[in-house]
There are 2 protein chains.
Amino acid sequence: MELVRIYECLCDHTRLRILNLLSKGPLCVCHFQEVLREPQVKISKHLGYLRERGLVECERQGNWMIYSLPAKQPRELAANLACLQDCAQDDSTFRRDIAQLKKLSPELTESSPCGCITAGTARRR
Amino acid sequence: MELVRIYECLCDHTRLRILNLLSKGPLCVCHFQEVLREPQVKISKHLGYLRERGLVECERQGNWMIYSLPAKQPRELAANLACLQDCAQDDSTFRRDIAQLKKLSPELTESSPCGCITAGTARRR
DNA sequence: AGAGAATATACCTCAAGAGGAATGTTATTA
DNA sequence: TAATAACATTCCTCTTGAGGTATATTCTCT
């Protein structure tokens, strides 16, 4: 995987926030919307961008698309994602996002796919 | 230092090569030209870009501008430069650049500023 | 089959930045 | 002081990508 391609993915704030959330586990699009508070198009396009370049994988689960970090990562990618995680700890936005994520779905890993089954009713826009 | 700003600096191949060379120590512009075999404008502009964003520092030494990595680096920058160095080891271009650098000026650290005193006569374009 | 929910894509506008040609700037040397 | 070396900057063209609006696609459920 080309180093430059990786860095191109990392040089947008929204994408960094997405990758930061994904470090905690798979998520569906509506969760990103909930946590990041950004319009659907924006999130969907950034996810598409990351997917095309192999920074994330996705799988359909009924009506939901579950995004996750690649199961098998080339060394350069793993190293940079680890570095990002390290740096994210110092940043208030990233920390707040994680806090918000836990708040929205404390049961995340327990409930079905990604806790989305109830998320539909919880969303308002 | 904003993470995104750092990544913006890293998402160009020429800049990565520059930073890779700088990891071995300070260098002047003519050395970059020698090793990277890229036109002067291109190198100068990328160095300017990196300088504006605090990824490199420079100091005039007579006719030469000596570029180096910042003496004092914020954590995010240090982490990412370290990560880059780690990844660069797997890449043939980066390895070749370093080899070329050593070949051009094996005495680098011993001779004056950056070994540039003789570099002028060595260049041909 | 039809409706609605979740997500993706097309199309448009705007800004940033890459690369090159020409020219400017600063310092050294004759 | 004039010439030259080493760099920087300006101006121009072209591509990429960000963000938004509107619309399409894919499932699920009734």
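Lettering of chains follows the sequences in order, A, B, ..., and the numbering in each one begins at 1.
- To the nearest angstrom, C1' of D:dA8 lies 18 Å from CD of B:Glu38.
- Whole-Å rounding puts the A:Phe32 CZ to C:dA6 P distance at 16 Å.
- The side chain of A:His46 places no N or O atom within less than 4.0 Å of a non-bridging phosphate oxygen (OP1 or OP2) of D:dG17.
- Whole-Å rounding puts the A:Glu8 CD to C:dA16 P distance at 18 Å.
- In this structure, B:Pro70 and B:Gln73 approach most closely via the heavy-atom pair O-NE2, 3.2 Å.
- Across A:Leu104, A:Leu27, A:Leu101, a single residue satisfies side-chain contact (heavy atoms from CB on, under 4.5 Å) together with A:Glu34, and that is A:Leu104.
- Remark: P of D:dG17 and NZ of A:Lys42 are 17 Å apart, rounded to the nearest angstrom.
- A:Tyr67 comes within contact range of the sugar-phosphate backbone alone, with a heavy-atom separation under 4.0 Å but no base atom that close.
- The minimum heavy-atom distance between B:Gln61 and B:Ile66, with the atom names listed, is CB-CG1, 3.8 Å.
- Looking at heavy-atom distances under 4.0 Å, A:Arg5 makes no contact with the nucleic acid at all.
- Residue B:Val41 is not grouped with residue B:Val29 when hydrophobic side chains (ILVMFWY) are merged at heavy-atom distances under 4.5 angstrom, including chains of intermediate members.
- Distances shown here put a side-chain N or O of A:Arg15 below 4.0 Å from the OP1 or OP2 atom of D:dA18.
- Taking for each of B:Ile43 and A:Lys45 the nucleotide of DNA chain D with the nearest heavy atom, the 5'-most of the two is the partner of B:Ile43.
- Remark: B:His13 is not in phosphate contact with C:dA18, judged by side-chain N or O atoms under 4.0 Å from OP1 or OP2.
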Identify all pairs in which a protein N or O lies below 3.5 Å from an N or O of nucleotides 22-27 of chain D, and state each distance.
from   : atom 1 : to      : atom 2 : distance (Å)
D:dC27 : O2     : A:Asn63 : OD1    : 3.4

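- Using bins of under 30°, 30° to 60° and over 60° for the plane-to-plane angle, the ring pair B:His13/B:Phe94 lands in the tilted bin.
- Atom CG in A:Asp12 sits about 14 Å away from atom C1' in C:dA15, given to the nearest Å.
- Following rounding to the nearest Å, A:Ile66 (CD1) and C:dA8 (C1') show an atom-to-atom distance of 16 Å.
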Set out, in order, the CA-CA distance, both residues' side-chain angles and the distance that settles side-chain contact (heavy atoms from CB on, under 4.5 Å) for A:Glu57 and A:Leu69, then state yes or no. CA-CA 6 Å; A:Glu57 290 172 348; A:Leu69 296 179; over 6 Å; no

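- In this structure, CD of A:Gln33 is placed 12 Å from C1' of C:dA8, rounded to the nearest angstrom.
- Nearest heavy atom pair, residue A:Gly54 against residue A:Met1, reads O-CE, 3.9 Å.
- Rounded to an integer number of Å, the gap from A:Leu55 CG to D:dG17 P is 13 Å.
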